[in-house]
Amino acid sequence: TSLLESSSIKRPCVNSGAGMLRRPKPTDSEADLLREQQELLAAGGQSTVAVAKRPDKRRGDAAAADAQDQRNQRDVVTIEDELPTLTPAPPKKSRFKQERVRFEDEDPGERLDRHDTHISAVLSRIIERDTSSVPVSLPCITGTAFPKVLHRSVMESEGQERAPKGRKSIFARQIAAQRAKNEDSSASRHVSFSPLENMETERPESNVMGKCCHILQSFSWLTKACLISDWASVTDRVGGPVLLTGQGLGIANSAMETMKIHEENQTKLQAMSQSEILEEQRKLLAQLGPRLVDFVRSRKAQRTPGSESASGPVQREDFLNEPLPNSTSPQLDHTIKAQESQRDTMEDDEEDENQLVAQPPITEEELPIKPQKEWLHMDKVEPEKLEWTRDLPAPREQSTKKAMQARFDFAGTLIPPTKDLPTHLGLHHHGEEPELAGYSLQELFLLSRSQLNQQRNLAVSTLANVLAKARAGEYISSLKGSVLSSLLDAGVLFLLRFSLDDSVEGVMSAAVHALRALLVSSDDEECLDNAFSWLLGMATFPLLPTAQEDEDEDDEGLDETMKETTKEKEEKKTDHDVARQDVVKGFLKMQGLTRLRYILEVVRPSPRVVLDILEVLIRIARHSTAAATQILDCPRLMNTVIAEFLPCSWAPATSQAPSSLYRLPVALAMKLLRVLASAGRHACARILNSLGGKEVLSRFVVVEPSEMLLEAGEALRCSTEALRLFAVAASYGQACNLYTDLYPVLVKRLQAGNWRCASSEAVLLLELDPIRALLVLLTQVTQTAGCHEELQRDLVSAQGAECPPPPPVVWSHVMGLQPTVISSLKGCVRALDGPAQMSSALILLPSYLLYMEAYYSQLCVQSSFQPVQCLQELESLTSYVLLPLISHQAMQNITSCFRSSSMICNPGLSVAGGEVVASLPGLGCSRMKTSSTIAGLNSPLSLPTALLYLLNTITSIHKGLIKKFSPLILSDSVLSYLRSCIGAMPSVSHMSAWILCHEHHLLYLLLRLAHKLVTATSAFNKFAYILCMEGVCGEPEMAALAELQLKDRTSPAVGALLRDALHHLPSIRGCYLTHLAHMESSVLSSRDRYLGRTPFVSSHLLPELTGPSLPSDWPFLPLISLYERMGLSAGGGHQVESLPAGSVQSVTNCLQWLLVLESWREQALTAVPPVAKLARLACVFLCSSDLFLERPVQELTWALFRRLTRPAQLEALDLGSPPPGLASFHDLYSALLAQYEAVSFGDPLFGCFMLLPLQRCYSVTMRLAVFGEHVGMLRSLGVPLQQLPIPLEKFTSPMEDSLPLLRLYFRALVTGALKRSWCPVLYVVAVAHLNAFIFSQDAVAEEVEAACRSLLRKTYYLTDEVLKNHLLLFQLPQQNSELGFSTYEQLPPIRARRLESIVGTEVKGGER
């Protein structure tokens, strides 16, 4: 139509039989066109346009014929009229090109790789076919060297009629014809073939063992068949061997060879008696494997035997399975039964599936439901499709050791594979292993995405139960591997996130429960809540996974400004990558908080779901400060929590278990606020001011738990969490005006706690938590009030500088609390004598003691402090409270548990009881609760730590009371505990760090109090004697007596160096403090938290667990720091004058401290391997060109080097392993060699460092480097033999086996590069190894023997008589002799004979 409508074409009229018809014009209307069409049809003229269909060549001839009737092909239009030139048409578009889909952000490089047809790209995408189960047969041996060439003429003349149908190539048809021909020839020989083609056989041409193997195979069947009464009939029926096929022989006439073997077997059997046959049968049954024996017995015939008996054809299994005749002896029957029993036992490990009896197909009568004719499409019953309706087979009883798929019931319990459970329990609705009950993890994942709501709900609920039991460690002893790790790797977090988006509330609730089971540990939360009232109990470690440094290859070589920041890298990571490293962070990245807020705000689920969501939010808040901030930033999340679950007014609950928690107080919501506030000062301020936290605190602190119109337990928990939130706010110096407003209420509740302590009735543990929380609150308020005057003074003197404002609470606001607390404290001590009140008194005592410590520590810095009155109060407190508490049996029982409950002495306690994954760390409190009481309510840490904390403060104020507390320090249980802690190296992880933090507080306070006893009592000698047994005790001169290896009389004794180091301990301390200045902010933050300076505390989340605060080699820090600043940049070329000011003194202090530790506290450096010590000490030579020449530096380095070269240290020195921080020791040694050549000046100390790695036990590469690349340094390596602190035998034994090094030795000696006057040590080494080599009698390779003869011949013809005599007459190394070795007066006979055999000259009497 476009062609006809073009106005630029002059259209001729259509030629018809009646006349010329006018062509349509552009101005014609639709009616005109229809009229002209009618005229054209009525005229009946021939059209000038012909329409034809082009056949599709790609579909063949038949397809082209069918294509004539199809309308979906392109039309080919032929116009007979000649048309003028048209305007340029648009370019043709490829139909294939239009089908391709491309995206704008698609990488062109990836598109090119997809269409790359180069051979390398094609080969890289080839996947090799699995041929592990394909039998391998050797090629047939033929007489021709090359296979016969197939010609087309042969194909046309032969085998054309046998060619298979279909289109095949000529070559394929030729091969098929040849195979058919071979099959015909093989069938004519009547040789049976067996599927056992992989039996190991050998060609008869190569070895006689090939026939023996065939004889054994056929003998195993014939020994049984020979017991049949008519032996001749058996052989007639078989007509050949049963098992032998001949396929493995690899020869052309394999069938004939098989028949020969069979005939030999028959001849041997006929010559044997029945007893001999039975004996051979026993031997074979004992030798052959049980599976092979079963195969022989169950072998099915694969062809009809060649001959038939009169009764018809007899199959092979007729006599294979035929029982033994009655003439079989009982001994044989017993042997067969024993073999069968042994076979059953051996098959337990690998079950043979072929032994299962195949069930016959189901019949119509066996169907549980009879099909009716009126049912649609059931007119014809197909039994194979109804197999699933029959009853399940019983589980197979087996004691297999093979790993099996784990299956769980709906409660998450692991179901044994042999347990037969009824089908009505709903545990058999799975396709794989339908006879086994329970569902595998894969099937649960599949069901969780089902279209049926019930299936999704059931699957997610079951996964929740599995996760809960996995976290509890119930599968550790039953399953191989970690269920939790497997589920996380399979993407259970994504599955739960998808399920949270489900529109069905039941599935959504199940997903929340599963998420809670995955993230939350109830035992961890319980232990953290209990430790809240301990010393610094608010401080917790963030539950962040251990940081894993990713190797950023893309950033290598880029400028710092061009490298991606950590935030940019995190944003580029996918959800899967983030969740794999950190589960909580992955959940946050998937917008999990927004979905939880939607569930709380819109769905308004059941109480259980609400509690689960709140627990999940608490766990996320414990993750890090950033996670807590995300919770606060989530729109309407915290507003919904506070408005719905912390209302200021509510209706009383109508039942113990309300149907909805909305508009009712929930203790977990208050706990969520407290955990969020612990994340940081700013988060706490947001909660108090922006979210209405102050009103919430006022509402729940004022009301007594009994008046809250809630269930009693929930009311107590709400009150406790409100007081804890208040305490956290007060620990930042916030909400203190609320304290002044609620002061009467708080005092009233404090007095009520005093009444409970004095009561004779037992108190519920839950009722003690509000009292403990109240005491923590009062402690924090007292510390805040104690800082008021200090902050006021700072504010006046700041003069515009930043300074925290003074808190609204002053010291006078807290002074009235002390009498009430002391009264309660006395009541608790008296309550220890009552069995009913003892447990509650022990729980409350730590909180009272911590308050008293805070009061007296802040009282001393107040302007209103009265020393005399304070000392009298302390004496009274000591007499009536502290001394009775220390001497009480309950306290002694607690101290006796120190060692057994200690995490330091028992590192096994930190092992997790449940499954732990790196991406989801936990505290592992489930194991602590079962194996130890260290984290429970009756922990042996809380009361002693609080008591020692108070005792240290009291003794700082009243030093006269120190002696009264010595029985506590010198008790046997405390000393035993301290002795056990010496040398203990507990591992630090999330499971141990939080409890180790509290135990380290206990240790610190014990040692600090013991330190105060030094000048106060002579009893400290006992304490010092017990704890200071390691190292060298006594005066510094005593250490010099142990230095027997000091050969250098010019160096001062070690005792003098140690005395000088002790004299300079203050400067040493200042040196290390200077180098640790980068940690000042962390130290100040820790100090403020420890001293209770609440206005300066920024967060109660401790630093992330990234490792120790200091490296293990921190004593070397000043030396390493100087090397990194000066040695690396200038290559050690700086002189001492150009070093930074104080560098020499800093290095001297570092070496002095190292000498002190090595002499008296050697155990403190056990974490540093000897090779690391040597590498760090080598920095003395690499820092500067002449630093090692400074007298104090050289003397201290000599002393340390001699300690490193003691026999025990030399045995532990491994230079093969790279030192920490270095790629290899060889790299360090190469730098030392270059430095020695440049600046050594023949210094003996530097020379000893160079000689140490040249010992025979270390790598030959370092010796090759000296005698090859740096042979010039031998002229200045003049360390005397007497000054070498290493035994000379370490260099000369065993004999050198490196031929290149021996040649270098010889060349250095001959050329004069190595002389005894220049380098006596290496001269002796070279002579010793060359002498041992040239006179070696060991059998060696030809090349080594030739080199040995050549060196001996060259030695014999040396012109240097002295060197020749040293090489030929060397006897043994002697470090104290003048030469360094002893010599023979003349050659021993055996050496003389060897020299004569090589040189060809008679040697008599040692002379030529």
Side-chain angles (χ1 to χ4, degrees), residues 526-540 720 723-724 727 731 750 753-754 756-757 763 765-783 817-818 820-832 837-857 877-878 881-886 888 890-895 897-898 901-902 933-954 965 968 974 994-995 997-1006 1009 1090 1092:
E526 181 181 347
C527 290
L528 288 176
D529 291 344
N530 176 63
F532 184 84
S533 58
W534 294 3
L535 175 62
L536 303 180
M538 294 182 189
T540 58
T720 301
L723 291 170
R724 287 174 178 171
S731 66
L750 180 62
N754 185 15
R756 288 190 180 276
C757 294
V763 182
L765 296 179
L766 198 59
E767 298 179 0
L768 300 177
D769 290 338
I771 304 176
R772 298 166 67 195
L774 175 62
L775 289 169
V776 175
L777 166 62
L778 298 178
T779 301
Q780 299 300 325
V781 172
T782 302
Q783 291 175 342
L817 300 175
Q818 186 245 9
T820 306
V821 174
I822 288 183
S823 175
S824 301
L825 184 57
K826 293 179 180 179
C828 285
V829 174
R830 289 193 299 268
L832 292 176
Q837 297 83 24
M838 178 184 292
S839 60
S840 59
L842 290 175
I843 293 174
L844 290 176
L845 270 173
S847 301
Y848 284 113
L849 293 174
L850 290 176
Y851 175 82
M852 295 306 302
E853 190 282 332
Y855 177 81
Y856 283 111
S857 63
L877 180 66
T878 302
V881 177
L882 299 181
L883 292 180
L885 177 61
I886 292 174
H888 200 277
M891 189 65 191
Q892 297 178 7
N893 294 339
I894 292 176
T895 55
C897 297
F898 279 173
S901 303
S902 170
T933 60
I934 193 170
L937 279 173
N938 299 319
S939 172
L941 290 180
S942 58
L943 179 56
T945 303
L947 177 61
L948 289 169
Y949 196 37
L950 177 58
L951 294 182
N952 275 280
T953 301
I954 290 177
F965 305 133
L968 175 63
V974 173
W994 77 279
I995 202 68
C997 185
H998 293 287
E999 190 170 359
H1000 284 157
H1001 289 153
L1002 174 66
L1003 272 176
Y1004 166 73
L1005 295 171
L1006 271 174
L1009 187 60
Y1090 182 79

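Basis for what follows: all heavy atoms, side chains included, without hydrogens, waters or symmetry-related copies.
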Kindly give the heavy-atom pair with the smallest separation between Pro884 and Thr878, and that separation in Å. CD-O, 4.0 Å
Is there a donor-acceptor pair under 3.5 Å between the side chain of Asn952 and the backbone N or O of Leu948? yes
How long is the span from the CG atom in Leu536 to the SG atom in Cys997, to the nearest 0.5 Å? 7.0 Å
Contact list for residues 529-540, test salt bridge (charged side-chain N to carboxylate O under 4.0 Å, His left out), sequence neighbours left out: Asp529-Lys671, Asp529-Arg674
Side chains of Gln837 and Cys828, heavy atoms from C-beta outward: is any pair under 4.5 Å? no
Which heavy atom of Met838 sits nearest to which heavy atom of Leu832, and what is that distance? CE-O, 2.9 Å
If you measure from OH on Tyr848 to CG on Leu950, what distance do you get to the nearest 0.5 Å? 15.0 Å
How long is the gap from OG on Ser939 to CD1 on Ile894, to the nearest 0.5 Å? 9.0 Å
Restricting to ring pair (Phe, Tyr, Trp, His ring centres under 6.0 Å), what partner residues turn up for Tyr1090, sequence neighbours left out? Tyr949
Worked verdict on Leu817 versus Tyr855 for side chain to side chain contact (heavy atoms under 4.5 Å, CB included): CA-CA 9 Å; Leu817 300 175; Tyr855 177 81; over 6 Å; no
Taking C-beta and beyond as the side chain, do Arg724 and Val776 meet within less than 4.5 Å on heavy atoms? no
side-chain hydrogen bond (donor to acceptor under 3.5 Å, both in side chains) with Ser823: which residues, sequence neighbours excluded? Asn754
From Leu947 atom CG to Leu845 atom CG, the distance as rounded to the nearest 0.5 Å: 9.0 Å
Ignoring hydrogens, what is the shortest heavy-atom contact between Leu1002 and Thr945? Give both atom names and the distance. CB-OG1, 3.7 Å
Between the OG atom in Ser533 and the CG atom in Leu777, the distance rounded to the nearest 0.5 Å is 13.0 Å
Residues which pass side-chain contact (heavy atoms from CB on, under 4.5 Å) with Val881, listed by chain and number, not counting sequence neighbours: Leu825, Lys826, Val829, Leu877
Rounded distance [0.5 Å steps], CG in Leu850 versus CD in Gln783: 9.0 Å
Restricting to ring pair (Phe, Tyr, Trp, His ring centres under 6.0 Å), what partner residues turn up for His1001, sequence neighbours left out? none
Any residue meeting side-chain hydrogen bond (donor to acceptor under 3.5 Å, both in side chains) with Ser847, in chain and number order, not counting sequence neighbours: none
Tightest non-hydrogen contact, residues Ile822 and Met852, listed as CG1-CE, 3.4 Å
The complete set of salt bridge (charged side-chain N to carboxylate O under 4.0 Å, His left out) pairs with one or both residues in residues 769-782, sequence neighbours excluded, reads Asp769-Arg772
Could you list the residues that satisfy side-chain hydrogen bond (donor to acceptor under 3.5 Å, both in side chains) with His1000, not counting sequence neighbours? none
Using every non-hydrogen atom in the two residues, find where Ser901 and Pro940 come nearest and quote the distance to one decimal. CB-CG, 3.7 Å
What are the two closest non-hydrogen atoms of Tyr851 and Leu778, and how far apart are they? CE1-O, 3.7 Å
Check step by step if side chain to side chain contact (heavy atoms under 4.5 Å, CB included) holds for Leu849 and Leu882. CA-CA 10 Å; Leu849 293 174; Leu882 299 181; 4.3 Å; yes
Anything under 30° is parallel, anything over 60° is perpendicular, the rest tilted; go ahead and classify Trp994 against His998. perpendicular
Checking side chain to side chain contact (heavy atoms under 4.5 Å, CB included) for the pair Thr720/Leu766: CA distance, chi angles, key distance, verdict? CA-CA 9 Å; Thr720 301; Leu766 198 59; over 6 Å; no
Tell me every residue that passes side-chain hydrogen bond (donor to acceptor under 3.5 Å, both in side chains) with Ser839, counting only those two or more places apart in sequence or in another chain. none
Would you please name every residue forming a ring pair (Phe, Tyr, Trp, His ring centres under 6.0 Å) with Phe898, sequence neighbours left out? Tyr977
